Amino acid sequence: MKGHNRILEYALSTLLRRKFKNFSVAAIFSILIAILSSILFLTHAYKTETLKLLDNSPEIVLQNMSGGRHELIPIEYIKTISAIPGVGNITPRYWGYYYDSLTSATYTLMAADENMRDVKLIEGRMPESDGECAIGKGVAAIRQAALNEDFFLTLGTEQNVNLKITGIFTTNSTILTNDLVVLTKDNLIRFFNMPSNKATDITIEVNNPSEVTTVARKIRRAYPDSRPILRSELIRTYDNIFNWRAGIVLTMFFGAIAAFMIFVWDKASGISADERQEIGILKAIGWETSDVLALKFWEGAAVALSSFFTGLILAYVHVFYFNAAVLTPVLKGWSVLFPKFEPMPYIDIYQIFVLFFLTVVPYVAASVVPSWKAAISDPDSVMRG
Amino acid sequence: MDAVITTAEVSKVFNMGLADEVRAVTGVSIEIARGGITVLKGPSGSGKTTLLGLIGCMSRPTEGKIVVEGKDVAKLPERFLTAVRRKTFGFIFQQFNLIRGLTVGENVMLPLYPTEIQTGPMTQRLEGILAKLELTDKRGVKIQHLSGGQQQRVAIARALINEPAIILADEPTAHLDTKLSEDFLHIIMALNKDGKTIVIATHDPLIYDKPYIDNIIEMRDGAVTAVKGGCAQ
């Protein structure tokens, strides 16, 4: 073990002796890992947050369609649907989007109802009367609004609706509440000028999860103009969207990855005459082939591991402290009008391992293999070149 | 004569079978006396460096037999040759072959790095050798900041750190002036008095004309042409 520690020490001193080469490789390696990890971190954070959101969503959301577009749904549908066997709670939902020209952001306006039961307030309370609202952290930040302050929304008639902030939301998933403005049901219906016999959509709970598809089919048969959206479909769709976007970004970086691989191979595998002679000297003074390979392994591992972890830290800081400023526009898509979003730090260890095996392992191999060729030769011939 | 190294019909061919094939050593049979100073003498290209490399297990002969300390090393696998090199030989190369960027102390201790020797004894050994070669105050100096003579003393120190029985030196005075060459010879004589067997490949008369050289093996065109002293041919 003593010998191995000294070989490790010697490997580190060798890296320092070839500072320029090793630091340039490490810098490029770190940047590449940072980019790839950022994509993986951000995609995983989005997917995790979306799944958390969908965890609490009803099995079926029923929308009304007209001319292929989402329309308000008649509340009278509830009576027919509740007669279908296996159907549990049915709740009409009132919500809509509001574009705030002041901040160039789109908020989701929602009526306070029992669907909000999983949302915890960071401070304050839910709105209880007209003229009150609760807002998400993102909305509070972009409007620089605090609890008990005034909050106004502008109607299409250019008339301001003044509200008092009674609460600011927080949940584990900021996607759920970040852009949210919650009003009382009556207030929201009035604000959007919705007919009293219609809702935005209807949520349907099914007692037995294995019957969800059957219930959806029966609803569709009863109301051919409706669209039942299943939770499982939503999960699959979001998964595909984020995978697709991550794939697009990874493809964009493919050229950079390929260039890096060529660069790494060239730097790591092309041992210079000096390095070759050094291997010959080490062999001549009594180092075994395995000692030389251990030396080259530690050299490669030190560069690759330090670059890998530096890249991971850079990616973590980029994604979770700077909200993935570089990648967000590509991965979040329509989010130009979305209030500032802070991804929660969810990390998929499996993805990190995959990235490790696709970058660190090839680099270490590229460091060891060419040296192995020199190390198994007679020291005399290695030193002669 | 008690021979520490024996070669029998040793040949070495480089690039065998290729257009640029070189027969560097041909049918050499010699014996190196234990505890003596032996010089391999000859002009450039005579094969003395190649022969030194062969008897020092730095390369393997194409033909023939080499016996070191009673063991036939010509056919030994590489890992056994390494052990022989480490335990038996100390090398002093013509170009010194020190590693730039490392200090004197690091260069000298380099052969011991992969061994299981503890740091304490290793440091003691280093200090003893540096003191003997008057390099104590240079221990922390990077090798590229030393003069040629100092670098050679570091190369000698590195050759001694494993406490080998045999010292092999290839053209040790090629880059030294007369004064430094004399200094080198004094060191070699002292090592010889300590019981080390010394083999020097050189074409420098300053070395092979010295009266205390026990044996001279003359080479030309890869073959031994004359032997003076106790070495058999």
Side-chain angles (χ1 to χ4, degrees), chain A residues 1-23 271-299 302-303 368 371-385, chain B residues 12 14-15 24 49-54 56-61 77-103 106-122 142 144 155 158-159 161-162 164 168 170:
Chain A
M1 202 58 206
K2 277 262 172 232
H4 216 68
N5 289 345
R6 285 195 289 256
I7 290 174
L8 173 58
E9 281 174 31
Y10 182 63
L12 297 179
S13 80
T14 304
L15 291 177
L16 289 175
R17 279 189 289 126
R18 300 185 179 111
K19 280 194 274 291
F20 179 76
K21 172 186 167 179
N22 292 310
F23 278 122
I271 56 170
S272 63
D274 277 356
E275 289 172 273
R276 199 175 157 77
Q277 194 192 26
E278 186 173 325
I279 291 173
I281 294 169
L282 294 175
K283 290 291 302 281
I285 62 176
W287 283 46
E288 291 185 15
T289 302
S290 59
D291 300 328
V292 175
L293 294 184
L295 169 69
K296 292 298 166 186
F297 170 82
W298 284 121
E299 280 182 27
V303 170
V368 171
S371 304
W372 171 73
K373 284 183 195 165
I376 57 170
S377 306
D378 289 333
D380 191 39
S381 63
V382 176
M383 282 192 289
R384 282 169 192 261
Chain B
K12 178 69 180 180
F14 291 105
N15 305 328
T49 297
T50 303
L51 182 60
L52 197 71
L54 288 169
C57 303
M58 298 268 282
S59 64
R60 261 172 282 225
E78 173 57 28
R79 62 196 177 97
F80 292 107
L81 280 185
T82 304
V84 174
R85 275 199 299 274
R86 182 186 292 169
K87 290 172 186 161
T88 312
F89 296 106
F91 291 89
I92 302 164
F93 300 97
Q94 182 177 354
Q95 306 289 347
F96 310 140
N97 282 343
L98 299 168
I99 294 179
R100 289 173 66 82
L102 295 187
T103 64
E106 289 164 341
N107 262 290
V108 174
M109 286 192 292
L110 206 48
L112 295 180
Y113 278 4
T115 65
E116 294 305 310
I117 186 169
Q118 299 286 316
T119 306
M122 185 166 84
K142 293 252 167 74
Q144 61 268 31
R158 186 181 63 185
I161 195 77
N162 270 334
L168 306 178
D170 183 20

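Throughout, protein chains are lettered first and strands after them, A, B, ... in sequence-line order, and every chain is numbered starting at 1. Side-chain atoms are counted along with the backbone in the values below, which use heavy atoms only and exclude waters and symmetry mates. Here the structure is a predicted model, which means the values were calculated and not measured.
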_Atom of Ala284(A), atom of Met58(B) and distance for their closest heavy-atom approach_ = CB-SD, 3.4 Å

*asked:* Less than 4.5 Å to any heavy atom of chain A: does that hold for the side chain of Ile99(B), its backbone, both, or neither?
replied: side chain

*asked:* Among Leu16(A), Ile285(A), Leu282(A), which residue has the highest count of heavy-atom pairs closer than 4.5 Å to chain B?
replied: Ile285(A)

_Show the nearest heavy-atom pair for residues Pro111(B) and Trp287(A), with the distance to one decimal._
CA-NE1, 4.2 Å

*State which residues pass salt bridge (Lys or Arg N to Asp or Glu O under 4.0 Å) with Arg17(A); sequence neighbours excluded, sorted by chain then number.*
Glu278(A)

*chain A: which of Gly101(B), Ala159(B), Pro114(B) shares the most heavy-atom pairs with it under 4.5 Å?*
Pro114(B)

_Taking side chain to side chain contact (heavy atoms under 4.5 Å, CB included) as the definition, give me every residue that meets it alongside Glu106(B), ordered by chain and number, with sequence neighbours left out._
Leu102(B), Thr103(B), Tyr113(B)

*Heavy-atom pair of closest approach, residues Arg85(B) and Lys283(A)*: NE-O, 2.9 Å

*Before giving the answer on side-chain contact (heavy atoms from CB on, under 4.5 Å), spell out for Arg6(A) and Ile117(B) the whole-Å C-alpha distance, their side-chain angles and the decisive distance to 0.1 Å.*
CA-CA 11 Å; Arg6(A) 285 195 289 256; Ile117(B) 186 169; 3.8 Å; yes

*Contacting moiety of Arg60(B), where chain A heavy atoms sit under 4.5 Å*: both

